[in-house]
Peer 1: 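Below you will find the structure I want to go over with you.
Only a predicted model underlies this, so the values are computations on that prediction, with no experimental measurement involved.
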Amino acid sequence: MYRGYLVLKKNGQRVHCIFLVADKAWINRYVQLGGPSWSVPLGRRDSTTASLTEANSDLPAPSLSLNLLIKAFDKKQLSPQDLTALSGAHTIGFSQCLNFRDHIYNGTNIDPAFATLRKRTCPAQGPNGDKNLAPFDVQTQLLFDNAYYRNLVAKRGLLNSDQVLFNGGSQDALVRQYVANPALFASDFVTAMIKMGNINPLTGTAGQIRRNCRVVNS
């Protein structure tokens with residue numbers, strides 16, 4: 001998604017990759033699609049290391065239960081409310097078949113008509129079709145709104161980790177609040193994004209300002 005950002009400058013000066021990703025690629029995209037905006041703290045620096053294995057183990061899997069999602073977010077000092085608000089980012093974007101195959105074929109908390117729709121482009125047996133895409137939001141996939149939560153109430157969450165937010169559990173009430181009050185969702189989303197952006201940032205002399213976002217400076 002960010003492979004085009006190689007040489008980064010602002011007002012003639014280089015800026016941090018992390019600043020550009022947060023400020024330009026994320027916030028502007030949300031605003032362009034109808035979402036909220038927020039201020040990003042400056043002075044953040046880029047890491048001198050990267051680990052695909054660590055990233056994959058650190059990011060919650062789409063198959064997780066609500067309880068495990070809450071525990072994963074709690075490790076990052078993010079609350080269940082933050083989890084439900086941040087999940088609303090799935091009002092835009094797409095996911096690969098391999099991430100939602102089990103949910104549409106074996107899930108018990110899914111609208112049958114929605115499952116049938118998704119099965120058209122996601123075969124039951126992989127790896128055939130593994131990379132086929134489907135929108136997170138079946139209603140307004142190119143608009144940042146609260147339709148994601150309306151989908152959950154209708155049991156049309158694409159991932160299992162989406163639908164568990166509304167499945168007779170602790171987040172049902174909040175999902176209904178976001179359905180009824182889009183402004184509340186937008187406000188909670190911004191609060192949660194700011195909290196997430198403050199998880200162990202590199203500042204001062206820590207890290208570096210990468211000359212090429214793809215690799216650490218030599």
Peer 1: Does any N or O in the side chain of Asn151 come within less than 3.5 Å of the main-chain N or O of Ala147, such that one atom is a donor and the other an acceptor?
Peer 2: yes
Peer 1: What class does the angle between the rings of Tyr148 and His90 fall in, given that below 30° is parallel, 30 to 60° is tilted and above 60° is perpendicular?
Peer 2: perpendicular
Peer 1: Any link between Leu78 and Leu165 through a network of hydrophobic side chains (Ile, Leu, Val, Met, Phe, Trp, Tyr) touching at under 4.5 Å?
Peer 2: yes
Peer 1: Under 4.5 Å between any side-chain heavy atoms of Gln171 and Val164, yes or no?
Peer 2: no
Peer 1: Could you tell me whether the side chain of Gln163 and the main chain of Gly157 form a donor-acceptor pair under 3.5 Å?
Peer 2: yes
Peer 1: What pairs of residues pass the disulfide bond (SG atoms under 2.5 Å apart) test when at least one of them lies in residues 101-143, not counting sequence neighbours?
Peer 2: Cys97-Cys122
Peer 1: Which heavy atom in Asp111 sits nearest to a heavy atom in Arg156, and how many Å separate them?
Peer 2: OD2-NE, 3.4 Å
Peer 1: Rounded to the nearest 0.5 Å, what separates atom CZ in Arg150 from atom CG in Asn146?
Peer 2: 4.5 Å
Peer 1: Not counting sequence neighbours, list each pair that qualifies as a salt bridge (charged side-chain N to carboxylate O under 4.0 Å, His left out) and has a residue in residues 159-186.
Peer 2: none
Peer 1: Working to the nearest 0.5 angstrom, can you tell me the gap between Thr84 OG1 and Gln177 CD?
Peer 2: 10.5 Å
Peer 1: If the condition is side chain to side chain contact (heavy atoms under 4.5 Å, CB included), which residues does Ser187 pass it with, not counting sequence neighbours?
Peer 2: none
Peer 1: Please confirm whether the ring centroid of Tyr149 lies under 6.0 Å from the ring centroid of Phe185.
Peer 2: yes
Peer 1: For residues 50-69, pull every pair meeting ring pair (Phe, Tyr, Trp, His ring centres under 6.0 Å), keeping only residues two or more places apart or in separate chains.
Peer 2: none
Peer 1: Atom CZ in Phe189, atom OG1 in Thr191: separation rounded to 0.5 Å?
Peer 2: 11.0 Å
Peer 1: Working to the nearest 0.5 Å, report the span between OG of Ser95 and CG of Leu159.
Peer 2: 4.5 Å
Peer 1: Please enumerate all residues that pass ring-ring contact (aromatic ring centres under 6.0 Å, His included) together with Phe114, with sequence neighbours excluded.
Peer 2: none
Peer 1: Name all residues meeting the side chain to side chain contact (heavy atoms under 4.5 Å, CB included) criterion together with Asn181; count only those two or more places apart in sequence or in a different chain, and write none if there are none.
Peer 2: Ala183, Leu184
Peer 1: What residues join Leu98 in its hydrophobic cluster, counting side-chain heavy atom gaps under 4.5 Å, either direct or through other members?
Peer 2: none
Peer 1: Using the rule that Ile, Leu, Val, Met, Phe, Trp and Tyr join whenever any side-chain heavy atoms are under 4.5 Å apart, tell me whether Ile104 and Phe166 fall into a single cluster.
Peer 2: no
Peer 1: List for me each residue that meets side chain to side chain contact (heavy atoms under 4.5 Å, CB included) alongside Gln81, sequence neighbours excluded, and say none if there are none.
Peer 2: Ser79, Leu174, Tyr178, Asp188
Peer 1: Which pair of heavy atoms, one from Leu66 and one from Ser170, lies closest together, and at what distance?
Peer 2: CD2-OG, 3.8 Å
Peer 1: Can you give each donor-acceptor pair under 3.5 Å made by side-chain atoms of residues 125-135, sequence neighbours left out, with the distance rounded to 0.1 Å?
Peer 2:
residue: Asp130; atom: OD1; partner: Arg101; partner atom: NH1; Å: 2.9
residue: Asp130; atom: OD1; partner: Arg101; partner atom: NH2; Å: 2.9
residue: Asn132; atom: ND2; partner: Thr121; partner atom: O; Å: 2.8

Peer 1: According to side-chain hydrogen bond (donor to acceptor under 3.5 Å, both in side chains), who are the partners of Thr140, at least two apart in sequence or on a separate chain?
Peer 2: Asp137, Asp145
Peer 1: Say whether Phe136 and Val179 are linked into one hydrophobic cluster, either directly or through other cluster members, by side-chain heavy-atom distances under 4.5 angstrom.
Peer 2: no
Peer 1: Enumerate the salt bridge (charged side-chain N to carboxylate O under 4.0 Å, His left out) contacts for residues 68-82, please, sequence neighbours excluded, ordered by first and then second residue.
Peer 2: Asp58-Lys76, Asp82-Lys195
Peer 1: Quick one: side chain to side chain contact (heavy atoms under 4.5 Å, CB included) partners of Leu64, sequence neighbours excluded?
Peer 2: Pro60, Ala61, Leu68, Leu69
Peer 1: Counting C-beta onward and ignoring hydrogens, is there a side-chain heavy-atom pair between Val138 and Arg118 closer than 4.5 Å?
Peer 2: yes
Peer 1: Would a hydrophobic clustering, with Ile, Leu, Val, Met, Phe, Trp and Tyr connected at side-chain separations under 4.5 Å, put Phe73 with Ile194?
Peer 2: yes
Peer 1: Taking a hydrophobic cluster as the set of Ile, Leu, Val, Met, Phe, Trp and Tyr residues connected by side-chain heavy atoms closer than 4.5 Å, whether directly or through intermediates, do Leu152 and Phe144 fall within one such cluster?
Peer 2: yes
Peer 1: Mind checking the CD1-CG spacing from Ile92 to Leu143? Nearest 0.5 Å is all I need.
Peer 2: 9.0 Å
Peer 1: Can you find a pair of side-chain heavy atoms, one from Leu83 and one from Ile70, that are under 4.5 Å apart?
Peer 2: yes
